[in-house]
Amino acid sequence: MVRLIGMAIGAIFVFVLAWAALVPREAAAPDPVKLLHKEPREVSFAHSGPFGTFDRAQLQRGFAVYKQVCSACHGLYHIHFRNLEDIGFSEAEVKAIAAEYEVPAIDPNTGEAITRPAIPSDKWPRPFPNETAARAANNNAYPPDLSLIIKARKNGEAYVYSLLTGYGEEPPAGFEVPDGLNYNPYFHSVNIAMAQPLMVDQIEYADGTKATVDQMAKDVTAFLRWAAEPELERRRQAGIATLIFLAILTVLAWLSYRRVWAGVQH
Amino acid sequence: MSFPWAEQYEPKSPLMKWIDSRLPLPRLVFNAVGAGYPVPRNINIWYNFGVLAGVALMIQIITGIVLAMHYSAHVSTAFNSIEHIMRDVNSGWLIRYLHMNGASFFFIVVYIHIFRGLYYGSYKAPREVVWMLGVVILLLMMATAFMGYVLPWGQMSFWGAQVITSLFSAIPLVGEPIRQWLVGGFAPDNATITRFFSLHYILPFVILGVVILKIWALHIPGSTNPTGVDVKGPQDTLPFHPYFTAKDFVSLCIYLLAFATVTFFLPNALGHPDNYIPANPLSTPAHIVPEWYLLPFYAILRAFTVDLLFIEAKLWGVIAMFSSILLLLFLPWLDTSKVRSNAYRPLYRTFFWILVVDVLVLGYVGAMPAEEPYVRIGQIATMYYFAHFLIILPIVSAIEKPLPLPNSIAEAVLAKAQKLAPQATPAPGSAVAQPAE
């Protein structure tokens, strides 16, 4: 009985699916945006590969790019000033960087809303008080948080690097870029609200590195990788130790298994 | 219950005697996973995945309890509390990545365990209840994993919750009220995240309870084995401890090596980048996909694209998706072959491997956007899935001529040993039965 009912149900499913598979499809029109969209260009860093570690000088250059260029519109929502000690700044330097910014506070005497200089335990201040203000200032586009951007995009490092260096291409004839948007084939819709952010020699690196667009894009990408995964180096070190431990344990387990099973056929 | 030749528990010290006469817990352990549990001597590496699944469950429970100490179940704080765990909690990133990838590894292990059961006919009498409890565990795991994926409140969390709960609205008449009752509102919101957190915390313990029932049911007949032949005497078995504890420990080490490699070096490879974007009800992701372990069922859901027989396409998909798992409950009665192991069923073995490929194809299609040629491939693969269990399996088991079975496990073991080393004689002291001549 179970088999008869089962076969009947099976036959119904197969019939419905066969019908659905045989129904003719409307030819899908090729999406013009998809044809223009490009896969990100691969890029490699000191921290690439399973054993790579961050290049602190590069992270500090990337931080300079973020601070002087990106931070005008993009926040680093999950980064505190104190985290900057991770990329090689001293405690005093972090205090000095924090003190450049004002954060909202409450006057301890009157209870009124005031601002005070930031301290290392403060979060990085957001460029806009809220999404509405951000959209009002940016032609209705919302600049995303950058502290997770590398993890929040497929192939994140290559994506950010390609996007930053992907400006300047002429759109193909007949393709109209809407007003207020910019052509960038690495963006999912190929029209991006952000204007080209990096120009040659836009900033002056403290270590004298020549500030080409490519250099700045690489540096800020490395910095954002750190911002997204500050635990990356600790994670890899712990991983290597764990794997060595487990490899030895596996050998011991195998030897004891051989010993227990010696002379037993199975 | 066990085989009559099982070693009996005998407490040696006065303390153990004292305990045994009051709370015989050591006796229970001895009979369940100790020397008092005889196991077929020929079970192979694929039989280790049951133990691994138990370990994976315990890893999830332990890491989950720690995460719950730091997580905040509220729409305005859930996403940030995950980042707080990742950045500010000591070793929080490790606990969270272990839990995240632990779920994936739990499913890998359980899927291999299920296919092992299918290959060696582990669902057949007298182990039907063991198998059915396994199906219940699978359903509970899927519900738990789905609700856990919602908790970080990223984009895929929100939209996954939206898509999956909206499945219930396909039920005629009462569907929409049921959906609102489940979600606690018109769309996933704070009520959803708090109830999902509550259920996500309790369901693993329900799973643990069913696991105990399952082990209890398993210990009545004991494990199957690659020959599918019943255990006939002491020469067919070895005590669980030390033989299978030693063997399981090797496989556990290898499992942990794989798990650690992914957790430490590719922690986000199995996830979706969109879940690192905070949930936004006003912005739909380009492709909404569930976690990888639900993709085959997602493909079955989407394979139904036409309204037919007065049933909407969406409802067809929902019925088919639930049927695709529930039909496993009836497997012991759909397969009438007296032979358990596929090693002796050449015809059904071919279909088994087609099923394995078919499920992989379904998983691939589930990850792809709903456009040609993926839709059609998904429809054909879904067709095979249902045909395999509901039509091919009953017919094949009725017409198939199985290969001759060995008389006993011991005979099969001896034959294998002689094939490997023709001159070898059983080592003295080994408990291999002499072949019947």
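Residue numbering restarts at 1 for every chain, and letters A, B, ... go by the order of the sequence lines.
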| Could you walk me through whether B:D88 and A:H80 pass the side-chain contact (heavy atoms from CB on, under 4.5 Å) check? | CA-CA 10 Å; B:D88 297 329; A:H80 295 79; 4.0 Å; yes
| Which atoms of A:P50 come close to chain B, meaning under 4.5 Å heavy atom to heavy atom: side chain ones, backbone ones, both, or neither? |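 Answer is both: backbone and side chain atoms of A:P50 are under 4.5 Å from chain B.
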| message | If I measure from the heavy atoms of chain B, does A:A18 come under 4.5 Å with its side chain, its backbone, both, or neither? | response |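 Both backbone and side chain of A:A18 come within 4.5 Å of chain B.
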Just checking [X]: does its [atom1] atom have more than 12 heavy atoms from other residues, nucleotides or ligands closer to it than 6.0 angstrom?
X: A:E91; atom1: CD; result: no
X: A:N130; atom1: CG; result: yes
X: B:F330; atom1: CZ; result: no
X: B:F322; atom1: CZ; result: no
X: A:K123; atom1: NZ; result: yes

Which atoms of [X] are under 4.5 Å from chain A, going by heavy atoms: the side chain, the backbone, both sets, or neither?
X: B:Y385; result: neither
X: B:W333; result: both
X: B:T263; result: backbone
X: B:L257; result: both
X: B:N44; result: neither
X: B:F79; result: side chain
X: B:S91; result: neither

| field | Best-contacting candidate, B:L393, B:N268, B:I391, B:L256, against chain A by heavy atom pairs under 4.5 angstrom | value |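 That would be B:I391.
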| query | Hey, which of B:F386, B:F249, B:W93 has the most heavy atom pairs under 4.5 Å with chain A? | reply | B:W93
| Which atom of A:A227 lies closest to which atom of B:R87, heavy atoms considered |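 That closest heavy-atom pairing would be O-NH1, 2.7 Å.
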| Closest non-hydrogen atom pair between B:Q379 and A:A20, with its separation |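 Closest heavy-atom pair between B:Q379 and A:A20: NE2-CB, 3.3 Å.
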| request: Scan B:L390, B:L334, B:I395 and name whichever one has a side-chain contact (heavy atoms from CB on, under 4.5 Å) with A:M7. | output: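 When side-chain contact (heavy atoms from CB on, under 4.5 Å) is applied between A:M7 and each of B:L390, B:L334, B:I395, only B:I395 qualifies.
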| Which one of A:I150, A:L148, A:V2 has the most heavy-atom pairs closer than 4.5 Å to chain B? |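 Of the candidates given, the most pairs with chain B belong to A:L148.
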| task | Could you tell me which of A:P230, A:A21, A:S147 has the largest number of non-hydrogen atom pairs under 4.5 Å with chain B? | result |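 Option with the greatest count: A:A21.
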| task | Identify the residues of residues 232-262 of chain A whose heavy atoms come closer than 4.5 Å to a heavy atom of chain B, ordered by number, or report 'none'. | result |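 Within residues 232-262 of chain A, near chain B: A:R234, A:R235, A:R236, A:A238, A:G239, A:I240, A:T242, A:L243, A:L246, A:A247, A:L249, A:T250, A:A253, A:W254, A:Y257, A:V260, A:W261.
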If I take atom [atom1] from residue [X] and atom [atom2] from residue [Y], how far apart are they, to the nearest 0.5 angstrom?
X: B:Y276; Y: A:K151; atom1: OH; atom2: NZ; answer: 3.5 Å
X: A:I149; Y: B:I277; atom1: CD1; atom2: CD1; answer: 7.0 Å
X: A:E131; Y: B:N280; atom1: CD; atom2: CG; answer: 6.5 Å

Does any part of the side chain of [Y], heavy atoms only, come nearer than 4.5 Å to the side chain of [X], both counted from C-beta?
X: B:I319; Y: A:F13; answer: yes
X: B:Y384; Y: A:L17; answer: no
X: A:K154; Y: B:D274; answer: no

| Is any side-chain N of the basic residue among B:E371 and A:K34 closer than 4.0 Å to the acidic one's carboxylate O? |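 Salt bridge: yes.
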| field | B:L238/A:V264 under side-chain contact (heavy atoms from CB on, under 4.5 Å): CA gap, chis, key distance, verdict | value | CA-CA 9 Å; B:L238 290 170; A:V264 179; 3.7 Å; yes
